[in-house]
Amino acid sequence: MNTPQSSSPVWLRTHRCGTLTAADAGRTVTLNGWLAKSRNLGGLLFLDLRDQSGKLQVVVNPETHGALFHQMESVRQESTVGVRGTVRLRPGEMQNAQMATGAVEIVAEEIQVYSESEVLPFAISDITEASDALRLQYRYLDLRRDSVKEKILQRIRIAQLFRKSLESHGFLDFETPYLYKSTPEGAREFLVPSRMHPGSGYALPQSPQLFKQLLMVSGFDRYYQIVKCFRDEDMRADRQPEFTQIDCEISFATLPMVLETFDAVMKEVVNAFYGCEKITSIPRITYQYAMDTYGSDKPDTRFDLTLQDLSALVHEVEFAVFQSALSQGGIVNAIVVPQQEAFFSRKRLDEYTELMKQNGLAGLGWIKVQAEGWQSPMAKFFSPAQIEAVQTALGAKPGDVVLVAAGLRKTVQLGLGLLRNTLAKHLNLTRHEDVRFLWVTDFPAFEYNEEGKRWAACHHPFTSPAFCDIERLETDPGSVHAAAYDLVCNGFELGGGSIRIHQPELQARVFALLGLTPEETEQKFGFLLKALRLGAPPHGGIALGLDRIAMILTGSDAIRDVIPFPKTQRGTCLLTGSPSPLSPQGLSELHLQWKELP
RNA sequence: GGGGGAGUAGUUAAGUUGGUUAUAACGCCGGCUUGUCACGCCGGAGGCCGCGGGUUCAAGUCCCGUCUCUCCCGCCA
């Protein structure tokens, strides 16, 4: 038998750097890794060796290993090396309590440099941060930093925990096509032209929605998939053009059963992640309650500052802004900010008023509650009895500041909801260690689009209307609730789902309401309607955003931090330089031609 | 599509009402150094001040445009 030859034999490691402890003292070991740092004391050379598991100090003594010392003196940091040596317990005062492996060090006998690094574009350190652009351009270096690496490893662990939990609940891991059928409703799609079909093409899926429903029709009970989804929309800190969903579906499902199942899954994952009973139950609130109380359909409940309705109390107050709002069927709402009078300078109040104006409100009223009465531009419109009534209703005490908005219901709620979040940030009211999960249910199913003069699905057109509302589908679509739910945490939408329509007649009625002609329906979704006619189980499910969940559980500011190779806000990859110009040959094969539009 | 923030050495930043040769730290190069771990000490090199116009005797600094990164609104069924 011949032995294959290798030009540069790698020393197979016996241990990983981060795992060695005092118990290993005396062992002969072989390690592989990166030269994180070297400290040359002249008579002694210390090298920090790093691999995925952590760091370990290597020591080279020129008196006993002159040639090795000379060899390693000039090797740049971040070169890859193999180290052979002996584990030694460090003398007492030389132990480093800050370091996981600080009790020991490796006395080097032999070191092989596998690959020498050039001078680095930035330091591999958690102390100084390079700019975002530079970090993304050299993301593979950025990922060597402990804090960055740690978040990616935690994301992987979170995905593992979801797989484990979902499989224990009977979910099976399916794959569905990435070359998807284009269905141009909802988010903008990434299109994939086809070489074999001039003028036709695929789209990358915004979610595997239709295929997972079809798997239910096939007779598979419980589907899940941790899957990439694509949306060609503008980015945010919590949005990337490609992102990962934990996509799930259950057949013969009811709404409470889906919520209970994912209550359990979330509890299992989150508590295992933290290693303690972080959440015991996930509260459920309705969309209406969320809007009335927090002015948001994805409220951050780590702080209070709830919205309070003053409409009934200020009916008699002769203040034009209130009267105009109420006469148009609007509302007057208030937020009480406890004991922060000094914070609300003229400048701050002007800033928040401007914020409200940018969001469609006439302005922002304010009241500084004081022992001797109100300091407020609005005070003169209130009688002493009205002041008393409002103050009692709000539970406001001297030193509190009351902020008031009047106008159309949704405008007031969304405006104050935004103000609520802004105030929490400015006043630092958020308990950052908290993780507050929440189900939001009973969403409206349809929303009237003034521009398009038509009804649009709030969720997606396969969402079942609430059972008891189906009869009003044609007569009063605005009052119909969806059998849909969102999972919300700390002000982020972490996922959403619904019970799906499983009856072709109902699906046709919904399509009709949305203004799709039978021909359009047939062309776009004929395959789905046919499937529903061939024995479809009642079913429902959910899609959870893995990136956002990982962002929150790792305490990150952006999903970028928990994605190994994220894109910039303009959708570019600074590492590889995509998107890049397409070759004329490539375009021509796809029957495409690049043309500048006027 | 719109609004805000940022861009100065390899990196992170400072740079006053426009005014001598654009600073500092880390990194880099050379030297010294036996217990460091953000090692220390001495010396040195390193700049299209994002890019393009303009104002001015004079621009890193003021004005206009543009590019890139970033936060937000729109958008994300």
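We name chains A, B, ... by the order of the sequence lines, and we start the count at 1 in each one.
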Q: Ignoring backbone atoms, establish whether Lys37(A) has a side-chain N or O less than 4.0 Å from OP1 or OP2 of U36(B).
A: no

Q: Would you check, one step at a time, whether the test ring-ring contact (aromatic ring centres under 6.0 Å, His included) holds for Tyr352(A) with His426(A)?
A: CA-CA 11 Å; Tyr352(A) 296 138; His426(A) 289 180; 5.7 Å; yes

Q) Should U61(B) form a Watson-Crick or G-U wobble pair with both distances under 3.5 Å, which nucleotide is its partner? A) none

Q.
Could you tell me the Watson-Crick or G-U partner of G18(B), where both distances fall under 3.5 Å? Say none if there is no partner.
A. none

Q.
For a quick test of reading the model: is some side-chain N or O of Gln358(A) closer than 4.0 Å to OP1 or OP2 of G3(B)?
A. no

Q | Among C73(B), U70(B), C37(B), the one nearest Met94(A) by side-chain distance | A | C37(B)

Q: Starting from P on G74(B), measure out to CZ on Arg188(A) and report it in whole angstrom.
A: 14 Å

Q: Could you work out which one of U36(B), U70(B), C76(B) sits closest to the side chain of Glu105(A)?
A: U36(B)

Q: Starting from C1' on C71(B), measure out to CE on Met551(A) and report it in whole angstrom.
A: 14 Å

(Q) Between the base of C69(B) and the side chain of Arg135(A), is there a donor and acceptor pair under 3.5 angstrom? (A) no

Q.
Without decimals, in angstroms, what is the distance between Ile124(A) CD1 and U12(B) C1'?
A. 15 Å

Q | Base-pairing assignment for C41(B) (Watson-Crick or G-U wobble, both under 3.5 Å) | A | G31(B)

Q | Per-nucleotide protein contact string for nucleotides 28-33 of chain B, where B marks a base within reach and S marks sugar-phosphate only (heavy atoms under 4.0 Å, - for neither) | A | SS---B

(Q) Which residue in the set Gln71(A), Glu109(A), Glu110(A) passes side-chain hydrogen bond (donor to acceptor under 3.5 Å, both in side chains) when paired with His65(A)? (A) Glu109(A)

(Q) Please evaluate residues Glu189(A) and Ser182(A) with respect to the criterion side chain to side chain donor-acceptor pair (under 3.5 Å), reporting the C-alpha separation (whole Å), side-chain torsions for both, the decisive distance (0.1 Å), and the verdict. (A) CA-CA 8 Å; Glu189(A) 300 171 312; Ser182(A) 175; 2.8 Å; yes

Q | Candidates Gln507(A), His539(A), Glu249(A) - the one meeting side-chain hydrogen bond (donor to acceptor under 3.5 Å, both in side chains) with Arg500(A) | A | Glu249(A)

Q.
So if I take every side-chain heavy atom of Phe46(A) and compare against C76(B), C69(B), G35(B), which nucleotide ends up nearest?
A. G35(B)

Q. Given C39(B), C71(B), C76(B), which nucleotide is nearest the side-chain atoms of Arg239(A)?
A. C76(B)

Q: Return no unless some side-chain N or O of Ser131(A) is found under 4.0 Å from OP1 or OP2 of C69(B).
A: no

Q) What nucleic acid atoms does Thr183(A) come within less than 4.0 Å of, heavy atoms only: base, sugar-phosphate, or nothing? A) nothing

Q. Do Thr101(A) side-chain atoms and Lys55(A) backbone N/O form a donor-acceptor pair below 3.5 Å?
A. yes

Q: From the options U12(B), C72(B), U68(B), select the nucleotide whose nearest atom is closest to the side chain of Ala130(A).
A: U12(B)

Q: Side chain of Leu574(A) only, please: which of G35(B), C69(B), U12(B) is the nearest?
A: C69(B)

(Q) Quiz question: going by heavy-atom distance under 3.5 Å, is there a donor-acceptor pair between the base of U12(B) and the side chain of Glu129(A)? (A) no

Q.
Between U11(B) and Phe122(A), is there a base-stacking contact, meaning the centre of the base's six-membered ring lies under 5.5 Å from the residue's ring centre while the planes stay under 30° apart?
A. no

(Q) Under 4.0 Å from OP1 or OP2 of A38(B): is there any side-chain N or O of Ser125(A) that close? (A) no

**Q.** Polar side-chain atom of Lys212(A) near backbone of Cys248(A) as donor-acceptor pair, under 3.5 Å
**A.** yes

Q. Shortest non-hydrogen contact from Val60(A) to Ala108(A)?
A. CG2-CB, 4.0 Å

Q) For Leu134(A), which contact category applies under a 4.0 Å heavy-atom criterion: base, sugar-phosphate, or nothing? A) sugar-phosphate

**Q.** Lys/Arg N to Asp/Glu carboxylate O, Glu78(A) vs Arg50(A), below 4.0 Å
**A.** yes

Q. Is Phe467(A) atom CZ crowded by more than 12 heavy atoms from other residues, nucleotides or ligands, each under 6.0 Å away?
A. no

Q | Under 4.0 angstrom between Arg39(A) side-chain N/O and G40(B) OP1 or OP2 | A | no

Q.
From the set C69(B), C72(B), U36(B), return the single nucleotide nearest to any side-chain atom of Arg236(A).
A. C72(B)

Q.
Closest approach to the side chain of Asp234(A), judged atom by atom: which nucleotide of G35(B), G74(B), C69(B) is it?
A. G74(B)

